[in-house]
Amino acid sequence: MPLGVYRLLKKSNRLYARTKEHPAIEQLEEEGIFFSSFDHIYEQETSFDEVYEKITDRLIEEATNDSLVYAVPGHPLVAEKTVQLLFEKSKGRCKVDVFGGQSFLDALFQSVRIDPIEGFQLLDGTSFRKDDINPTQHCIIGQMYDTFTASNIKLELMEIYPDDYEVYIITAAGTTGESVKRTPLYMLDRDFHVTNLTSLYIPPVRQEEILYKRFSYLRNVIATLRGPNGCPWDKKQTHKTLKKYMLEEAYELLEAIDEKDDAHIVEELGDVLLQVMLHGQIGEDDGYFSIDDVIETLVRKMIRRHPHVFGDSTAQNAEEVVENWQAIKEKERSGKEKSLRNKISKDVPALMQAQEIQKEAAKLGFDWKEVTFVFDKVVEELNELKEAVNDSEKTDDIKNEMGDVLFSVVNLARHLSVHPEEALLQTNGKFLKRFAFIEEEVKKRGESMENLPLEKLDLLWEEAKKSVRRKGE
């Protein structure tokens with residue numbers, strides 16, 4: 001303790017301490033320097049934030065009558081929320097002067113023998129989140145007051161580090177009662193006693209695999225692939241050359257979802273993310289945008305279009321959310337309206353394009369009000385197709401009429417809230433499974449499909465339908 005602080009405490013007759021649970025308080029009281037503490041408030045309130053607010057309000061109230069000294073462990077400007085609250089709340093009410101003692105960090109650096117210039121973080125254990133930490137730096141988590149806090153910290157850290165990653169539990173650093181215990185992460189909240197003087201030290205990661213979950217590491221990998229010493233294939237890609245791969249990966253993801261295979265979904269989501277990252281890196285390489293711009297644009301859009309979550313609006317159900325979304329979207333478009341023809345993407349599959357055309361037309365009132373009319377339209381288009389097929393003079397119209405049939409079927413799917421692309425993909429998969437059953441049965445019988453009459457194949461098809469249905473496919 002600096003001599004100036006000691007003399008200040010000696011001559012003051014109004015001494016307050018955030019807590020008496022500190023070895024310095026015991027020594028000072030032995031010398032006749034007595035404090036009023038706020039330990040009782042810790043027992044009254046349910047959260048540290050409430051404790052700190054109440055302590056601050058009480059101090060400012062007391063300071064309006066006469067000056068006082070408020071003592072906290074270590075340096076007042078290091079890991080001391082009440083001091084920051086005093087600065088904030090005292091404006092125009094009272095003056096706050098700071099007299100600093102030694103920070104616990106100096107002693108802690110010495111305890112674990114680290115140099116903070118290599119990269120260092122100090123985080124609050126009472127509000128710790130895994131997103132706050134940079135695993136490549138030295139990290140100290142202070143205010144690990146109890147086993148419950150230690151347990152929460154452990155669970156967050158285990159999302160980043162291996163379960164057996166070695167960490168250090170440091171108590172009363174720099175005092176005669178100093179304790180430094182090395183332990184695997186999974187044991188953090190077991191078999192040790194925590195106090196208000198306990199901190200956690202996490203050494204920086206040296207093994208790169210631990211960083212594989214970090215977005216920043218993924219970004220560096222993509223940048224390396226397109227860098228001077230990167231992959232020739234990745235380096236030559238452009239936004240245009242990657243278009244087909246985005247479509248392929250999206251469809252493979254849909255297949256994984258239909259298979260209900262979580263491991264496959266994870267892999268395919270990664271492939272879709274790869275395409276996003278490559279486009280972001282190409283934008284950065286060309287100097288037009290980066291993945292940061294992509295993320296910021298998305299975040300702004302999500303906040304803007306979810307006022308019922310991030311603002312003052314309300315939405316009682318999913319239907320209201322969709323209505324609000326469309327209203328906000330239309331408002332954003334005001335002043336830069338396009339014709340229907342220019343709103344529709346030309347690079348999506350035909351079924352999806354047809355659905356988007358019909359959705360946009362419906363917004364302008366061009367739509368059937370009842371689904372029965374849509375059924376009638378499908379029948380009408382089928383009859384016109386039959387007529388073109390049966391009339392030798394209309395053979396050139398078959399392609400057009402077939403297109404009309406498909407367009408009307410997409411419209412029917414939209415009215416029935418069925419995505420036509422997904423429905424067709426599902427049917428394709430179902431057909432392939434049934435056909436695989438037929439192929440296997442024919443093989444078992446030592447026959448050839450090409451030599452079997454359609455009647456027998458049709459019987460096998462019926463068997464396939466039953467077999468696949470039994471399996472729930």
Hey, what do you get for OG1 (Thr238) to CG (Leu278), rounding to the nearest 0.5 Å?
11.0 Å
For the residue pair Phe431 and Trp461, does the interplanar ring angle fall in the parallel (under 30°), tilted (30 to 60°) or perpendicular (over 60°) class?
tilted
So do Pro162 and Ile210 actually touch side chain to side chain, heavy atoms under 4.5 Å?
yes
To the nearest 0.5 Å, atom CD1 of Ile170 lies from atom CG of Leu108 at 4.0 Å
Can you confirm whether Ile114 sits close enough to Tyr168 that some side-chain heavy atom of one is under 4.5 Å from a side-chain heavy atom of the other?
no
Does the pair Glu381/Lys377 count as a salt bridge with the N-to-O cut at 4.0 Å?
yes
Is it the case that over 12 heavy atoms from other parts of the model lie below 6.0 angstrom from the CE atom of Met402?
no
Under 3.5 Å, side chain of Glu21 to main-chain N/O of Thr195, donor-acceptor pair present?
no
May I ask you to check whether over 12 heavy atoms, not counting those of Lys386, lie within 6.0 Å of atom NZ?
no
Count the heavy atoms of every other residue, nucleotide or ligand shown that sit under 6.0 Å from NZ of Lys235, and state whether that count exceeds 12.
yes
Side chains of residues 416-423: which donor-acceptor partners sit under 3.5 Å, not counting sequence neighbours?
residue, atom, partner, partner atom, Å
His419, ND1, Glu421, N, 3.2
His419, NE2, Gln355, OE1, 3.3
Glu421, OE2, Tyr251, OH, 2.8

With rounding to the nearest 0.5 angstrom, report the OG1 to NZ distance, Thr241 to Lys236.
8.5 Å
What I'd like to find out is whether the side chain of Ile265 reaches to under 4.5 Å of the side chain of Asp262, using heavy atoms alone.
yes
Using side chain to side chain donor-acceptor pair (under 3.5 Å), reason through Ser47 and Asp49 one step at a time and then give a plain yes or no.
CA-CA 5 Å; Ser47 74; Asp49 285 340; 5.3 Å; no
In the structure I gave you, are the side-chain heavy atoms of Phe109 and Pro116 within less than 4.5 Å of one another anywhere?
yes
Evaluate the ring planes of Phe373 and Trp368, with Trp represented by its six-membered ring, and classify them as parallel (under 30°), tilted (30 to 60°) or perpendicular (over 60°).
tilted
Hey, mind stepping through Thr82 and Thr56 against side chain to side chain donor-acceptor pair (under 3.5 Å) and telling me if it holds?
CA-CA 6 Å; Thr82 55; Thr56 308; 5.7 Å; no
Looking only at heavy atoms, what is the nearest atom pair of Gly177 and Ala172, with distance?
O-CB, 4.0 Å
Taking Glu387 for the side chain and Asn383 for the main chain, is one N or O donor matched with an acceptor at less than 3.5 Å?
no
With respect to Ile202, which candidate in Ile153, Val167, Ile140 satisfies the side chain to side chain contact (heavy atoms under 4.5 Å, CB included) definition?
Val167
With no hydrogens and no angle check, is any side-chain donor or acceptor of Thr224 less than 3.5 Å from a backbone partner on Asn220?
yes
Rounded distance [0.5 Å steps], NE2 in His306 versus CD1 in Ile328
8.5 Å
Can you check whether Ile160 reaches Lys213 side chain to side chain, under 4.5 Å on heavy atoms?
no
Could you check Glu166 against Leu185 for side-chain contact (heavy atoms from CB on, under 4.5 Å), going step by step and ending with a plain yes or no?
CA-CA 6 Å; Glu166 284 198 334; Leu185 181 56; over 6 Å; no
Just checking Leu298: does its CG atom have more than 12 heavy atoms from other residues, nucleotides or ligands closer to it than 6.0 angstrom?
yes
May I ask you to test the Glu441-Arg445 pair for a side-chain heavy-atom distance under 4.5 Å?
yes
Locate the shortest heavy-atom distance separating Tyr165 from Pro204; write the atom from each residue and the value.
OH-O, 3.1 Å
About how many Å separate CD1 of Ile41 and OG1 of Thr19, when rounded to the nearest 0.5 Å?
11.5 Å
Between Thr149 and Asp146, does a side chain to side chain donor-acceptor pair (under 3.5 Å) hold up when you go through it step by step?
CA-CA 5 Å; Thr149 304; Asp146 51 34; 2.6 Å; yes
With side-chain contact (heavy atoms from CB on, under 4.5 Å) as the criterion, how do Leu274 and Tyr245 come out once you've worked through the C-alpha distance, each side chain's angles and the decisive distance to 0.1 Å?
CA-CA 10 Å; Leu274 169 62; Tyr245 299 111; over 6 Å; no
Specify the closest pair of heavy atoms between Ser103 and Val78, including all atoms of both residues, with the distance to one decimal.
OG-CG1, 3.7 Å
Is it the case that atom CD in Glu259 sees more than 12 heavy atoms from other parts of the structure closer than 6.0 Å?
yes
Any salt bridge linking Lys466 with Glu462? Criterion: basic side-chain nitrogen under 4.0 Å from a carboxylate oxygen.
no
Quick one: does any side-chain atom of Gln358 pair with a main-chain N or O of Phe407 as donor and acceptor, under 3.5 Å?
yes
All heavy atoms of Leu269 vs all of Leu253, minimum pair found to be CD2-CD2, 3.7 Å
Examine the side chains of Glu370 and Thr372 and answer whether a donor and an acceptor come within less than 3.5 Å of each other.
no
Kindly indicate whether the side chain of Val276, heavy atoms from C-beta on, has any atom under 4.5 Å from the side chain of Met246.
yes
Trace of the side-chain contact (heavy atoms from CB on, under 4.5 Å) decision for Ile169 with Leu188
CA-CA 8 Å; Ile169 302 163; Leu188 178 57; 3.9 Å; yes
Ignoring hydrogens, what is the shortest heavy-atom contact between Asp124 and Ile141? Give both atom names and the distance.
C-CG2, 4.3 Å
Taking the side chain as C-beta and beyond, is there a heavy-atom pair between Asp367 and Arg414 under 4.5 Å?
yes
When every non-hydrogen atom of Gln143 is compared with those of Ala79, the smallest separation belongs to OE1-O, 3.8 Å
List the steps, then state whether side-chain contact (heavy atoms from CB on, under 4.5 Å) holds for Leu225 with Ile222.
CA-CA 5 Å; Leu225 287 173; Ile222 302 302; 4.3 Å; yes
Which class fits the ring pair Tyr217 and Tyr212: parallel under 30°, tilted 30 to 60°, perpendicular over 60°?
tilted
More than 12 heavy atoms of other residues, nucleotides or ligands under 6.0 Å from CZ of Arg129: is that the case?
no
Taking atom CD of Gln110 as the centre, does the number of heavy atoms from other residues, nucleotides or ligands within less than 6.0 Å exceed 12?
no
Gap between atom OH of Tyr52 and atom CD of Glu80 - 0.5 Å precision
7.0 Å
Enumerate the residue pairs fulfilling salt bridge (Lys or Arg N to Asp or Glu O under 4.0 Å) with a member in residues 148-165, sequence neighbours excluded, ordered by first and then second residue.
Lys154-Asp189
What side-chain donor-acceptor pairs closer than 3.5 Å can you find for residues 284-295, not counting sequence neighbours?
residue, atom, partner, partner atom, Å
Glu284, OE1, Arg219, NH2, 3.2
Asp285, OD1, Gln281, NE2, 3.0
Asp285, OD2, Arg226, NE, 2.8
Asp285, OD2, Arg226, NH2, 3.1
Ser290, OG, Asp292, N, 3.2
Ser290, OG, Asp293, OD2, 3.4
Asp292, OD1, Arg219, NH1, 2.8
Asp292, OD2, Arg219, NH1, 3.1
Asp292, OD2, Arg219, NH2, 3.1
Asp293, OD2, Ser290, N, 2.8

Tyr186, OH atom: more than 12 neighbouring heavy atoms under 6.0 Å
no
